[in-house]
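Since this is a predicted model, take the numbers as computed values, not measurements. Indexing begins at 1, ligand by ligand and atom by atom, following the structure's order.
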Amino acid sequence: MRIEERIEALKRKKNAIVLAHNYERAEVQDIAEFVGDSLELARIAMDTSADIIIFCGVDFMAETAAILNPHKKVVIPDVCAICPMAQQLPQEVLRAAKSEHPDVETVLYVNTLAESKALADCICTSANAQEIVRAMDTSTVLFGPDHNLAYYAQQGTSKKIVPVPEHGNCPSHHQITLEDLLKAKDAHPNAKIMVHPECIPEVQDRADYIASTSGMVKISKEVEDEEFLIGTEIGLLHRLEKEVPGKKFYPVSNTAVCPQMKMCTLENVEVALEQEQPEVVLSPEIMEAARKPIERMLTLSH
Ligand code: 13P
Ligand code: SF4
């Protein structure tokens with residue numbers, strides 16, 4: 001039997017589903033029940049009737065699924081798939097910023113540690129960052145950890161956004177330069193520029209469309225444009241080419257690769273299904289405290 005068939009059989013036997021982020025390896029995306037962005041994956045994780053969720057993504061995504069599903073088993077095939085941006089805002093840094101800015105609400109990007117989410121008033125993703133900041137009750141908002149997403153959120157609101165920590169960013173997106181973009185545009189002058197809000201402000205300012213990963217798939221299906229320069233992690237190209245055949249997609253930078261998103265392989269998905277390990281385990285107190293701002297996001301976000 002091929003590995004894909006063995007994985008299918010294990011899923012059926014164990015009433016398990018595989019969720020995969022848009023940046024995962026093509027072959028992992030292809031065996032998943034659902035492929036999506038962070039917001040979609042959180043919603044699907046909450047709605048599934050499966051007993052086991054095999055989460056092919058990075059740590060904070062699997063943790064979010066576990067926080068929303070305290071009675072289900074959430075398994076992450078490779079525990080080393082740790083998002084470096086989420087590590088940039090430990091609880092003590094956030095506590096210090098909160099005490100410097102008392103009486104303001106804190107919005108944290110879902111790309112954070114669970115212990116930090118536990119201190120937030122609301123979570124956001126790249127799909128709803130502007131909407132969530134606008135919905136906050138205070139006119140100043142503490143926002144972390146991504147400065148580039150903070151810049152994007154600021155374009156959609158008159159509220160004052162205070163970023164925390166000082167230089168939070170995603171290494172895979174932050175390395176995409178304006179020069180990369182201009183070079184790609186020279187090579188494909190008719191292509192529309194579509195970028196992720198984790199890109200630097202100079203890149204965002206040149207874009208025709210700024211969207212979450214699944215937002216990019218949706219836009220490219222809906223608009224009449226035929227060619228796109230894609231400013232995000234290159235794993236998204238697989239889904240774009242599969243779901244939007246006939247249109248052309250070019251990466252702005254071939255080096256925009258998130259190594260942590262590539263750690264999950266078919267082999268470790270099979271092992272994760274067989275052994276139901278490694279399971280995401282968080283303390284009940286952190287789960288309880290982090291669930292509130294995640295649920296607030298899901299209520300506020302349309
Ligand atoms: P999306 O929610 O847009 O898929 O982004 C997740 C992420 O980690 C981007 O680097
Ligand atoms: Fe984290 Fe960036 Fe990888 Fe997304 S692409 S998981 S933000 S390191």
Is the shortest distance from a Lys or Arg side-chain nitrogen in [X] or [Y] to a carboxylate oxygen in the other one below 4.0 Å?
X: Glu233; Y: Lys262; answer: yes
X: Glu179; Y: Lys183; answer: no
X: Glu8; Y: Lys11; answer: yes
X: Glu241; Y: Lys247; answer: no

Sorted by chain and residue number, the side-chain hydrogen bond (donor to acceptor under 3.5 Å, both in side chains) partners of Asn268 (sequence neighbours excluded) come out as Thr265
ask   = Any idea how His196 and His173 line up, ring-wise: parallel (<30°), tilted (30 to 60°), or perpendicular (>60°)?
value = tilted
Name the atoms and distances for all side-chain donor-acceptor pairs under 3.5 Å in residues 13-21, with sequence neighbours left out.
residue, atom, partner, partner atom, Å
Lys14, NZ, Leu273, O, 3.1
Lys14, NZ, Glu274, O, 2.9
Lys14, NZ, Glu276, OE2, 3.1
Asn15, ND2, Ser49, O, 3.4
Asn15, ND2, Asp51, OD2, 3.2
His21, ND1, Tyr23, N, 3.0

- Item | Working for side chain to side chain donor-acceptor pair (under 3.5 Å), residues Arg239 and Thr213 | CA-CA 10 Å; Arg239 206 180 141 200; Thr213 53; over 6 Å; no
Could you go through ligand 1 and note, for every N or O atom, any protein N or O atom closer than 3.5 angstrom, writing the atom names and distance to 0.1 Å, or 'none'?
residue, atom, partner, partner atom, Å
ligand 1, 2 (O), Ser38, N, 3.0
ligand 1, 2 (O), Ser38, OG, 2.8
ligand 1, 2 (O), Ser126, OG, 3.4
ligand 1, 3 (O), Ser126, OG, 2.6
ligand 1, 3 (O), His196, NE2, 2.8
ligand 1, 3 (O), Thr213, N, 3.0
ligand 1, 4 (O), His21, NE2, 2.6
ligand 1, 4 (O), Thr213, OG1, 2.5
ligand 1, 5 (O), His196, NE2, 3.3
ligand 1, 8 (O), Asn111, ND2, 3.3
ligand 1, 10 (O), Glu198, OE1, 2.9
ligand 1, 10 (O), Glu198, OE2, 3.1

| task | Check step by step if salt bridge (Lys or Arg N to Asp or Glu O under 4.0 Å) holds for Asp30 and Lys242. | result | CA-CA 10 Å; Asp30 290 346; Lys242 192 168 157 183; 2.7 Å; yes
Exercise. Is the count of non-hydrogen atoms from other residues, nucleotides or ligands lying under 6.0 Å from Lys72 atom NZ greater than 12?
Worked result: yes
Atoms listed for atom 3 (Fe) of ligand 2 (protein only, N, O or S, under 2.8 Å, no waters) are Cys258 SG
Here the atoms of ligand 2 under 4.0 Å from any heavy atom belonging to Glu198 are 2 (Fe), 7 (S)
